[in-house]
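Read through the structure below, which is laid out as structure tokens, and then see the notes.
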Amino acid sequence: MTSFEPSVEDLVLVAGATGGVGQLVVGKLLEKGFKVRVLTRNAAKAKEMFNNRVEIAVGDIRQPNTLPAATQNVTYIICSTGTTAFPSSRWDFDEPPNLIEWATIFLNPKSSSAKAKNSPADIDAKGVSNLVTAAPLNLKRFVFVSSCGILRKDKFPFSILNGFGVLDAKQKGEEAIISSGLPYTIIRPGRLIDGPYTSYDLNTLLKAKTGGQSGVVLGTGDTLSGDASRIDVAAACVESIVNPTTSGKIFEIVNQGTRPPVIEWERLFSQIGSGD
Ligand SMILES: NC(=O)c1ccc[n+]([C@@H]2O[C@H](COP(=O)([O-])OP(=O)(O)OC[C@H]3O[C@@H](n4cnc5c(N)ncnc54)[C@H](OP(=O)(O)O)[C@@H]3O)[C@@H](O)[C@H]2O)c1
């Protein structure tokens, strides 16, 4: 078991804090005694959600000028921002598409994102790159929630998932982090399950749950597939910043097998390779 104690100057910025994984990340950080600042587009929502237990910085990762105030004096950044893989209202279309426009979008994915202001290209690629640029040079770690399938975009089911470019965009986000020179950990989860239910995918509609029964499996090199509990993904983000062995590492995470009484993160992390 790790005996990490946050130091008084440690301050963690969580981008995507109001999302499913992000809320759980904030909860775990507070449990471990970290000071937390959340980056949000909606201060009122964050205030209600976190009950005055966190600092709130209003910002949007698409707007670089909103980020320096949010990243000032932070020692860690955990980024779990995202939008839907397929067009939805979260893509922030200039005008809500009508029926014919929706049909065109689905028949011609490449043309659609031009009309959207919050597509995967806007957030997962450009937005993440903006956040990297705004990070303090002495940052101790940038943890990024990416996705399984980055290196298997031409293989089913990832070829379908990448129909509107979400995996291309996540890969560009990863590349911006790696080439920045900042210490990083990149986490590639499988299909997210377990609440809080904030996104619009099939698992969310079905409210799929592990029931806390499945073990945690980590892998290197984009080979795993399957479901990943948001609870365990959030734990992996927080455990990564307290475990130095995860610095400079990229790993996948899914839930498989029988859950042991305690998830031994240090042992799991010791088994991951350097991977790409
Ligand atoms: N769904 C899956 O099966 C799956 C699989 C693998 C990886 N992932 C990735 O896992 C991560 C977490 O997923 P989730 O379901 O927990 O996410 P989520 O609930 O959809 O949350 C997304 C977060 O991103 C924030 N956000 C969106 N656009 C933003 C912008 N322009 N500026 C600042 N913040 C912005 C949202 O804030 P607001 O409250 O302002 O909207 C929200 O807090 C995402 O990166 C997702 O891509 C998902």
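Just follow the structure's listing: the first ligand is 1, and inside any ligand the first atom is 1.
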The one among Ser80, Ala169, Ala46, Ser146 that brings a heavy atom closest to atom 9 (C) of ligand 1: Ser146

Pick from Val14, Leu192, Thr40: the one approaching atom 2 (C) of ligand 1 most closely through a non-hydrogen atom: Leu192

Residue part near ligand 1, for Asn118, under 4.0 Å between non-hydrogen atoms: side chain

Under a heavy-atom criterion of less than 4.0 Å, does [X] contact ligand 1?
X: Pro189; result: yes
X: Ala85; result: no
X: Gly190; result: yes
X: Thr83; result: no
X: Asp60; result: yes
X: Lys170; result: yes
X: Ile123; result: yes

Can an N or O of [X] be found at a distance shorter than 3.5 Å from an N or O of ligand 1?
X: Ile61; value: yes
X: Asn42; value: no
X: Gly22; value: no
X: Gly59; value: no

Element-labelled atoms of ligand 1 that are located less than 4.0 Å from some non-hydrogen atom of [X]:
X: Lys45; result: 38 (P), 39 (O)
X: Arg191; result: 3 (O)
X: Arg230; result: 14 (P), 15 (O), 16 (O)
X: Ser147; result: 6 (C), 7 (C)
X: Val145; result: 10 (O), 11 (C), 45 (O)
X: Gly19; result: 18 (P), 19 (O), 21 (O), 42 (C), 43 (O)

Flag side-chain contact, heavy atom, 4.5 Å: Val233 against Asp194: no

Test item: Val216 and Arg259 side chains (from C-beta on) under 4.5 Å apart, heavy atoms: yes

Mark yes or no for whether [X], through its side chain, and [Y], through its backbone, hold a donor-acceptor pair below 3.5 Å.
X: Ser240; Y: Ala236; answer: yes
X: Glu252; Y: Leu224; answer: yes
X: Thr246; Y: Asn243; answer: yes

From Thr71, Thr75, Ile77, residue fulfilling side chain to side chain contact (heavy atoms under 4.5 Å, CB included) relative to Leu139: Ile77

Cationic N near anionic O, under 4.0 Å, [X] to [Y]:
X: Arg62; Y: Asp92; result: yes
X: Lys170; Y: Asp124; result: yes
X: Asp10; Y: Lys32; result: no
X: Arg152; Y: Asp222; result: yes

Geometric class of the Phe93/Trp91 ring pair [parallel <30°, tilted 30-60°, perpendicular >60°]: parallel

Within 6.0 angstrom of Lys140 NZ, more than 12 heavy atoms from elsewhere: yes

